[in-house]
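Written out below as structure tokens is the structure these notes cover.
The model shown is predicted, which means the values in this text are computed figures rather than measured ones. By convention in this document, chain letters (A, B, ...) are assigned in the order of the sequence lines, proteins followed by strands, and residues within each chain are numbered from 1.
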Amino acid sequence: MESIQFRKPETVDEAVKLLQGADGDARILAGGTDLLVQLRAHMIDPGVIVDIKSIAETRELTKNDDGSYTIGAAVAGAEAHERDDITADWPGVIEAWDLIGSTQIQGRASLGGNLCNASPAGDSVPAMVAAGMTANIAGPDGRRTLPVEKITAGPGKTNLKKGEFIVSFNLPAKPSNGGDAYLRLIPRTEMDIAVVGCGAALTLDESGTVTSAKISLGAVAATVLVVEDAAKAIIGTKLEPEAMSALDAACQAACNPIDDKRGTVEYRTKVAGVLGRRVVSIAANRAGKN
Amino acid sequence: MAKHHISMTLNGEPTEFLCSTRQTLLDVLRDELNLTGSKEGCASGDCGACSVMVDDRLVCSCLVLGAECDGKTVESIEGMADGENLHPLQQKFLEEAALQCGICTPGVLVAAKALLEKNNNPTETEVRYWLAGNLCRCTGYDKIVRAVMSTAADMRGDAK
Ligand SMILES: Cc1cc2nc3c(=O)[nH]c(=O)nc-3n(C[C@H](O)[C@H](O)[C@H](O)COP(=O)(O)OP(=O)(O)OC[C@H]3O[C@@H](n4cnc5c(N)ncnc54)[C@H](O)[C@@H]3O)c2cc1C
């Protein structure tokens with residue numbers, strides 16, 4: 001049994017070679033808060049674990065000259081939370097990331113891990129999608145970039161090919177009059193898995209009319225959803241009651257959830273509409289304040 | 001497969017050990033280095049009884065591999081007292097009986113120390129959220145939270 005290799009490459013190329021050359025399952029290790037739990041539960045049996053944290057690019061969080069951010073795939077939530085710039089520009093992304101686990105989990109939990117673990121309930125994912133984030137992927141054929149919503153293929157599955165991994169994410173510059181937000185419903189106040197999660201990012205013009213919007217739902221389908229009809233329902237409006245009702249209905253219509261101990265299909269669907277309204281209100285409030 | 005030869009700084013001392021890939025930092029502390037202060041409660045990151053600092057970050061040592069720790073600086077509960085002198089949090093937990101069975105206590109202390117180093121004047125809500133990943137099945141938390149708040153006040157030198 002027991003012969004998992006452990007490798008700690010210092011360059012992206014070296015990591016790709018290790019992943020590509022591995023026979024059997026090769027697993028990336030970022031913060032390990034999913035991986036180690038799965039390893040111990042014998043849910044996975046990798047031949048090699050590739051710790052990417054010695055690759056500088058995976059560990060840097062940089063604000064670029066154009067106001068956008070490059071977020072290393074293995075940056076921990078606690079590190080991002082301590083940064084005033086990104087917290088002010090994209091509070092929704094940060095609040096979603098910050099919801100992942102306890103202080104101890106925050107010391108390790110990464111966006112790359114949350115996304116590639118591919119739980120339908122991953123909290124950071126709808127917020128990343130709403131904010132228009134893209135993933136920088138390295139692999140045997142070089143680099144490519146994919147929108148975050150194109151990464152997961154289903155519970156526990158990603159669209160990454162053998163030898164590929166996410167090196168970092170791009171987060172666009174915050175638009176002027178832009179705001180974002182994330183909310184989830186859990187049965188407790190801390191440390192639980194989302195029944196529904198909803199992220200929204202939008203921009204307003206001077207009159208308060210919504211000029212663009214992206215709304216994303218988590219935990220109500222096999223993968224994260226982009227709810228285009230919800231965005232359409234509010235673009236061009238000032239979020240009047242009719243617009244909010246249309247948004248609510250669009251969120252509900254997009255749902256295709258499971259029934260489990262945390263919530264029935266009916267409950268999850270209803271909550272998706274409620275969270276859609278609340279998240280959009282918060283994002284609009286934030287957009288109006290800058 | 002050959003074991004990994006790891007060198008790290010543990011509670012201020014250079015420390016070397018051998019481990020297999022599957023061994024967590026908690027396994028290494030307890031089974032290889034005989035430091036049994038860090039407890040294994042759940043082994044899945046939920047209970048916080050194994051809390052330690054790695055490079056100044058609070059983490060669950062059950063969710064860190066020993067092999068990851070080469071070159072790292074680790075602080076465990078064993079490094080908290082200065083010889084016979086207890087850390088103010090340890091002293092206060094004794095005085096105020098902020099523990100019963102004691103299994104969660106090492107993790108709570110390590111986590112509380114990390115909080116007070118970041119924020120010497122936390123609100124009760126901040127203390128409760130910070131410690132949400134440290135489960136105690138005995139005390140009901142009130143005594144723990146009060147002891148942390150009153151240690152913080154002492155350390156700031158507030159008048160009683
Ligand atoms: C107590 C506890 C509470 C939790 N609470 C929450 C919660 O509230 N909400 C939530 O969403 N999650 C929660 N989680 C799950 C977990 O903490 C998150 O999913 C976290 O973001 C995973 O990040 P990581 O860096 O630890 O990933 P890892 O465990 O290192 O990796 C996770 C998976 O992704 C793969 N992977 C990692 N990085 C990359 C990459 N760059 N490229 C390709 N593949 C990669 C790994 O191979 C692995 O399969 C919790 C976990 C625990 C233990």
Side-chain angles (χ1 to χ4, degrees), chain A residues 1-10 26-54 59 74-82 98-110 113 186 188-193, chain B residues 1-6 19-27 38 40-72 107-108 110-112 114-115 118-119 122 125-135:
Chain A
M1 47 165 290
E2 183 50 40
S3 63
I4 311 172
Q5 286 189 50
F6 177 84
R7 305 299 290 272
K8 211 168 164 181
E10 289 179 6
R27 288 284 173 157
I28 298 272
L29 171 66
T33 61
D34 283 314
L35 190 76
L36 267 66
V37 175
Q38 292 162 7
L39 199 62
R40 183 167 175 112
H42 297 281
M43 288 159 68
I44 54 171
D45 185 18
V48 56
I49 291 177
V50 180
D51 182 353
I52 57 171
K53 295 190 296 298
S54 295
R59 297 281 306 133
V75 169
E79 294 165 339
H81 194 87
E82 284 168 6
D98 193 44
L99 279 171
I100 299 173
S102 58
T103 320
Q104 286 85 340
I105 302 301
Q106 279 294 306
R108 302 261 289 171
S110 69
I186 54 172
R188 311 171 62 210
T189 54
E190 263 282 75
M191 301 281 282
D192 206 344
I193 297 170
Chain B
M1 190 193 138
K3 291 200 168 190
H4 310 286
H5 179 195
I6 305 299
C19 69
S20 65
T21 302
R22 274 188 189 273
Q23 279 181 290
T24 63
L25 174 57
L26 178 62
D27 296 334
S38 306
E40 181 171 282
C42 65
S44 56
D46 290 288
C47 80
C50 66
S51 296
V52 299
M53 303 297 285
V54 176
D55 285 352
D56 283 328
R57 283 275 167 216
L58 181 67
V59 300
C60 288
S61 58
C62 74
L63 295 184
V64 178
L65 291 177
E68 281 181 71
C69 292
D70 204 40
K72 303 267 185 242
V108 171
V110 168
L115 170 64
K118 246 175 94 85
N119 178 357
T125 302
E126 285 169 337
V127 173
R128 286 186 186 274
Y129 270 93
W130 184 271
L131 295 178
N134 290 89
L135 303 187

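Proximity to chain B (any heavy atom under 4.5 Å) is shown, for A/Leu39, by both the backbone and the side chain. Both the backbone and the side chain of A/Glu79 come within less than 4.5 Å of a heavy atom in chain B. Within the 4.5 angstrom heavy-atom criterion, no atom of B/Leu115 approaches chain A. For B/Ala114, no part lies near chain A; criterion is any non-hydrogen pair under 4.5 Å. Proximity to chain B (any heavy atom under 4.5 Å) is shown, for A/Gln38, by neither the backbone nor the side chain. Residue contact with chain B, scored on non-hydrogen atoms closer than 4.5 Å, involves the side chain of A/Leu29 exclusively.
With sequence neighbours excluded, no residue forms a side chain to side chain donor-acceptor pair (under 3.5 Å) with A/Lys8.
Of the inter-residue distances, the one linking B/Leu63 atom CG with A/Asp34 atom CG reads 9.0 Å to the nearest 0.5 angstrom. Remark: B/Leu65 CG to A/Leu35 CG distance equals 7.5 Å, nearest 0.5 Å. Note: B/Glu68 CD to A/Leu36 CG = 7.0 Å, rounded to the nearest 0.5 Å.
For the pair A/Arg108/B/Val64, a side-chain contact is recorded, criterion being any heavy-atom separation below 4.5 Å from C-beta on.
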Worksheet item: Can you check side chain to side chain contact (heavy atoms under 4.5 Å, CB included) on B/Asn134 and A/Gln104, steps first, answer last?
Response: CA-CA 9 Å; B/Asn134 290 89; A/Gln104 286 85 340; 2.9 Å; yes
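Other residues, nucleotides and ligands contribute more than 12 heavy atoms inside 6.0 Å of the NE2 atom of B/His5. For B/Asn119, the CG atom sits in a packed shell: over 12 heavy atoms of surrounding residues, nucleotides or ligands are nearer than 6.0 Å. When the shell of 6.0 Å around CD of A/Glu82 is examined, it contains more than 12 heavy atoms from other residues, nucleotides or ligands.
Per-residue counts of heavy-atom pairs under 4.5 Å with chain A were compared for B/Cys60, B/Ser44, B/Ala67; the largest is that of B/Ala67. Contact count versus chain B (heavy atoms, under 4.5 Å) is highest, among A/Gly32, A/Ala41, A/Ala78, A/Ser54, for A/Ala78.
Across all their heavy atoms, B/Gly133 and A/Ser102 have their closest contact at CA-CB, 3.4 Å. Minimum heavy-atom separation, B/Thr21 to A/Phe6: OG1-CB, 3.7 Å.
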